[in-house]
Amino acid sequence: MKTGDTFERIYRVVRSIPQGSVMTYGQVAELAGMPRAARVAGYAMAAAPEDVPWQRVVGKSRKNRARITLRDSLTADIQRQLLEGEGIEFDGGEIDLERFGAVQP
DNA sequence: ATTATGACTGCAG
DNA sequence: TCTGCAGCCATAA
C-alpha cells in the first residue's frame with residue numbers, strides 16, 4: 001500500500017470493526033501501525049468519510065471499560081444512540097470491552 | 001521549519 | 001470517585 005496514508009490505514013481498521021463491537025482509539029492506532037498515536041485516531045475520526053463506522057471507536061476508561069469521549073455533547077449523544085441501535089449496552093455510561101470489544105487479529 | 005491543536009491515556013492529587 | 005496534568009503523534013497553519 002501507499003506510504004503516508006495514515007488516515008486510510010486508520011479508516012481501514014475502523015471499517016473492519018464488526019457491527020455490535022467497539023474498539024478504543026488506542027487499539028485502532030495500534031492496529032494501524034502507530035502504537036502510541038491514539039490521539040491521531042481521534043483526529044482521523046473527526047474527518048471520517050461516511051463509509052467509516054466512526055461510532056464504533058470509543059475512548060478507554062479503565063481496564064476493560066470504555067466510554068464516549070467526544071467533547072461535542074450533541075455528536076456524543078448521536079454516537080451513543082447509534083451504538084445502542086447496534087446492540088451495544090451502556091452500563092453506567094460505560095461499555096464492557098469483555099463483551100463488546102472487537103476481536104483483534 | 002516551527003507552533004498549535006485534538007473524538008487519547010495513564011497516573012497523580 | 002473525580003478532576004487535572006503531562007506525555008504522545010500526525011495534521012494543519
Side-chain angles (χ1 to χ4, degrees):
Chain A
M1 68 163 127
K2 283 194 332 182
T3 60
D5 52 350
T6 307
F7 277 42
E8 280 307 312
R9 288 205 253 176
I10 290 175
Y11 296 147
R12 196 185 61 191
V13 174
V14 176
R15 278 188 283 251
S16 77
I17 304 174
Q19 182 186 60
S21 297
V22 298
M23 197 176 276
T24 68
Y25 294 94
Q27 282 181 298
V28 171
E30 185 177 358
L31 292 181
M34 297 170 274
R36 293 168 183 83
R39 303 189 67 140
V40 178
Y43 192 83
M45 289 304 99
E50 291 183 36
D51 64 317
V52 175
W54 56 270
Q55 71 273 21
R56 295 177 192 156
V57 185
V58 295
K60 191 178 182 181
S61 159
R62 45 179 158 174
K63 185 176 174 58
N64 293 323
R65 297 292 261 187
R67 54 179 300 227
I68 292 176
T69 61
L70 301 196
R71 295 180 170 180
D72 179 48
S73 59
L74 182 60
T75 309
D77 186 55
I78 293 174
Q79 176 173 28
R80 173 164 177 157
Q81 289 183 55
L82 287 172
L83 292 178
E84 293 182 318
E86 292 185 3
I88 303 292
E89 292 171 32
F90 285 79
D91 173 45
E94 298 185 314
I95 298 170
D96 184 346
L97 293 177
E98 289 268 323
R99 299 175 57 196
F100 304 105
V103 179
Q104 299 178 51

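In what follows, chains are A, B, ... by sequence order, proteins preceding strands, each numbered from 1. None of the values given here were measured: they were computed from a predicted structure.
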Candidate nucleotides dC9(C), dT9(B), dT11(C), ranked by approach to the side chain of A38(A) - the nearest: dT9(B)
Distance in angstrom units between [X] [atom1] and [N] [atom2], rounded:
X      : N       : atom1 : atom2 : result
R80(A) : dA7(B)  : CZ    : C1'   : 17 Å
R9(A)  : dC9(C)  : CZ    : P     : 15 Å
D77(A) : dA7(B)  : CG    : P     : 17 Å
Y25(A) : dG10(B) : OH    : C1'   : 17 Å
Q27(A) : dG10(B) : CD    : P     : 11 Å
K63(A) : dT9(B)  : NZ    : P     : 15 Å
M34(A) : dG6(B)  : CE    : P     : 19 Å
D72(A) : dC8(B)  : CG    : P     : 13 Å

Aromatic Y25(A) / basic R39(A) pairing, under 6.0 angstrom, 45° off normal: no
R62(A) or V57(A), whichever maps to the more 5' nucleotide of DNA chain B: V57(A)
Sugar-phosphate, base or nothing in reach of M45(A), heavy atoms under 4.0 Å: base
Sugar-phosphate only, base, or nothing, as touched by T24(A) at under 4.0 Å among non-hydrogen atoms: sugar-phosphate
dG10(B) phosphate, OP1 or OP2, under 4.0 Å from K60(A) side-chain N/O: yes
Side-chain touch T75(A)/W54(A), heavy atoms, less than 4.5 angstrom: yes
Heavy-atom side-chain contact between V40(A) and T6(A) under 4.5 Å: yes
Donor-acceptor contact below 3.5 Å, side chain Q27(A) vs main chain T24(A): yes
Residues E86(A) and Q55(A): side-chain donor-acceptor under 3.5 angstrom: yes
Position toward the 5' end of DNA chain C (nearest nucleotide), Y43(A) or R36(A): R36(A)
